[in-house]
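Structure record follows, encoded as structure tokens.
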Protein chains: 2
Amino acid sequence: MTLQTMKNEQVTIKDIAKLLGISTSTVSRALRGMPDVNPDTKQAVHELAEQLNYQPNLVALSLVKKRTKTIGVIIPSFTTYFYSKAICGIQEVALDAGYHIMVCQTNEDYKTEIKNIDILLSSRVDGFIASITRETENYDHYTQLIQRGIPLVLFNRICDLEVPKVVVDDYGGAYKATKHLIDIGCTKIAHIAGPDHLYLCRNRLRGFLDAMKDHKMKIYENLVVYSDFSIESGMQCGRELLQKSVKPDAVFAVCDTAAYGAMHVFKSKGLQIPADIAIVGYTNEPLSELTEPSLTTISQPIFKIGKTAAEMFIQMMNEGKEYIPETRILSTELIIRNSTRK
Amino acid sequence: MTLQTMKNEQVTIKDIAKLLGISTSTVSRALRGMPDVNPDTKQAVHELAEQLNYQPNLVALSLVKKRTKTIGVIIPSFTTYFYSKAICGIQEVALDAGYHIMVCQTNEDYKTEIKNIDILLSSRVDGFIASITRETENYDHYTQLIQRGIPLVLFNRICDLEVPKVVVDDYGGAYKATKHLIDIGCTKIAHIAGPDHLYLCRNRLRGFLDAMKDHKMKIYENLVVYSDFSIESGMQCGRELLQKSVKPDAVFAVCDTAAYGAMHVFKSKGLQIPADIAIVGYTNEPLSELTEPSLTTISQPIFKIGKTAAEMFIQMMNEGKEYIPETRILSTELIIRNSTRK
DNA sequence: TTGTAAGCGTTATCAT
DNA sequence: ATGATAACGCTTACAA
């Protein structure tokens, strides 16, 4: 019966030391491959560690090093494709760099956002990668992090703070989408916007408006309606638009899900897409290829957004105070599908 | 300038003790609301703690208590609706019980599954809630956990181990789905199955076959084709089915995503759904309501699955060796939509 | 009611 | 090249 089968407990550096009749410091040094340790000792330690299936106790390490190598990630929702995909990117980079992630969702609730930060803080995460809720208008909880010198990277849903950020070119994407609708001959173009105090939404709205202006299109102010990104609110917006005095012949939606909702309403009212009304979304979710008709959209490099955010986080950790916040803007691509192929 | 603004470091029990001129043990006791501590002292401690914004250091607590109050969660993929929703349920219960979760995805890769367990183990998670990959055929890594007395709860994708499990009534759901197709008059019913060594898939297949037998339907063996759950493989299966000598007039798919793929292929080949071919899926993803036609499906209480798994985990943690593994089978519901409304 | 001291698993600073 | 020892922040006997 070996040591490990005898007791349930994980093997520690002490066990190895005792078994080898040496001190824990020597074992520690050997394990970490430090110089100034006898090759024979080193080998013996490694062999025994292997044999006993020794796993360093990260909890103890965290306590002494005063850092947990854990990144707190705050997102609005797990079930939104964008965020689940972004997490993939974050985790890939994090694990490669020896970091773990701990993810909390806010459910778009400001209070929950604050609570999540607190929860993660008491777990002593080394810092945060976050996307703010659509409700958040007060950034004190984030400002406090900055003041306390706790690394913070914002992605996608950012706000006006002196921290590294990763976003896509929301303005440019929206501009491209709108121009595309103009190019195919639409004249009464509507926009299903998102929550107004998110930069992301304002930028997409600006891109829409500027594209319209630049191409001398008449802007119908009441053809801009507001959604909360969800399918349901997309449906609501679709219904709203159909009741306007000016009937739109195209819609640019702030995201694919809102577009799905609107599209569904249009079809159920007997409208032909794109003949009667063309639609463009934003994000390029996997299903956008399969909707009927398939959805023209702006694709975002979501995985890369996550990766970039994590890379910036780790750089920030490594460089400490020297690190100068930078905003990385990734580019988007117009994917033309049947919802705009007249 | 107060203590906390002076130094970046988090306030500790020592700081409070020093400031109050008492010992750390008293502070600790006061903070935890233990009896036998002078009400005045207790109040002073609480007030100062509040004022200094003291947050207990969970890392230190974990070290002394030899448990981290963290659950390792292993899922095939973040971006699959089912798992992201299940995580919501898990996290809700976990947070309420003072637990944190640390989620890793396997990407359906067996080696990654093993690696994830290792990673989480070195973080000293208290146990695991897991769904195995579709590749996993060897369960040694899980058996080792059990032997070491580390709590494990399996959900959805389970295997034959003596641990608590949460599943839906896969057999019954499949039976209901198939019977529905029979009821509406289909006679050549195909099944898009999933990876054969997942119980979940075998049970759905059995449910399908039994429903057919019980209703004296002719079973066309080569109308059972295998997918890997993805949209793409659903498309592949759809194409396959159309090439069979016997043309199916209905399909029961192992999951909604595979159904989406098949549906897309059928439509692109000019088939009318459900007139030419009816379709039923499994899971009831949010989008299944919006597909064209909307998808009849078996809805699963995903959030509840997650919650139940977490509840069982916590019960297991609390009861320790006394806990007797139990398998909770949640029921499903047939949601009839247009893909089967002839 | 409160304080002292040991311990959780590790690293780091001195000695030796 | 190696060993003691203190420290990380907290809990917990045991003393007082």
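Every heavy atom of this structure was used, including side-chain atoms; hydrogens, water molecules and symmetry mates were not. Within every chain, numbering begins at 1; the chains are lettered A, B, ... in the order of the sequence lines, protein sequences first and strands thereafter.
Although no hydrogens or angles enter the test, the distance criterion places no donor-acceptor pair under 3.5 Å between the side chain of A:Asp109 and the main chain of A:Thr106.
For D:dT2, the OP1/OP2 oxygens have no side-chain nitrogen or oxygen of A:Ser25 closer than 4.0 Å. The side chain of B:Arg32 places an N or O atom within less than 4.0 Å of a non-bridging phosphate oxygen (OP1 or OP2) of D:dT12. Side-chain N/O atoms of B:Ser23 include none lying less than 4.0 angstrom from OP1 or OP2 on C:dT4. Applying the 4.0 Å criterion to OP1 and OP2 of D:dG9, one finds that A:Lys66 has a side-chain N or O inside that range. Between A:Lys14 and C:dC8 there is a side-chain N or O to OP1 or OP2 distance below 4.0 Å. The shortest distance between the side-chain N/O atoms of B:Lys42 and the OP1/OP2 oxygens of C:dT1 is not below 4.0 Å.
In terms of position on DNA chain D, the residue among B:Leu58 and A:Thr26 whose nearest nucleotide sits closer to the 5' end is A:Thr26. For the pair B:Pro35 and B:Lys65, both in contact range of DNA chain C, the more 5′-proximal nearest nucleotide belongs to B:Pro35. Nucleotides of DNA chain D nearest to A:Thr41 and A:Thr24 differ in position, and the one nearer the 5' end is that of A:Thr41.
Across all strands, B:Asn38 comes closer than 4.0 Å only to sugar-phosphate atoms, never to a base (heavy-atom distances). Residue contacts for A:Thr12: at a heavy-atom cut-off of 4.0 Å it reaches the sugar-phosphate backbone alone, with no base atom in range. Note on B:Val37: only backbone sugar-phosphate atoms sit closer than 4.0 angstrom, heavy atoms only; bases stay farther off.
The base of D:dG3 sits within donor-acceptor range of the side chain of A:Arg29, with an N or O pair under 3.5 Å.
In this structure, A:Lys18 places its NZ atom 15 Å from P of D:dG3, rounding to the nearest Å. The distance between atom CG of A:Asp40 and atom C1' of D:dA1, rounded to the nearest whole Å, is 12 Å. As rounded to whole Å, 13 Å separates atom P of D:dT12 from atom CG of B:Leu31. B:Arg67 has its CZ atom 12 Å from the C1' atom of D:dC10, to the nearest Å. Straight-line distance from the CG atom of B:Leu20 to the P atom of C:dT2: 11 Å, rounded to whole Å. At whole-Å resolution of the value, CG in A:Leu61 and P in C:dT11 are 5 Å apart. B:Asp36 has its CG atom 17 Å from the P atom of D:dA15, to the nearest Å. Rounded to whole angstrom, the span from the CE atom of A:Met34 across to the C1' atom of D:dA1 amounts to 13 Å.
At a threshold of 4.0 Å, the pair B:Arg157-B:Glu108 counts as salt-bridged, since one of the basic side-chain nitrogens sits closer than that to a carboxylate oxygen. Ion pairing between a basic and an acidic side chain is recognised when a charged N comes within 4.0 Å of a carboxylate O; A:Glu326 and A:Arg328 show such pairing.
The aromatic rings of A:Phe82 and A:Phe155 sit parallel, their planes meeting at an angle under 30°, below the 60° perpendicular limit.
Not less than 6.0 angstrom separates the ring centroid of B:His141 from the ring centroid of B:Phe128.
Comparing D:dT11, C:dC8, C:dT10 by their nearest atom to the side chain of B:Leu63 picks out C:dC8.
The shortest heavy-atom contact between B:Ser123 and B:Thr68 is O-CG2, 3.9 Å.
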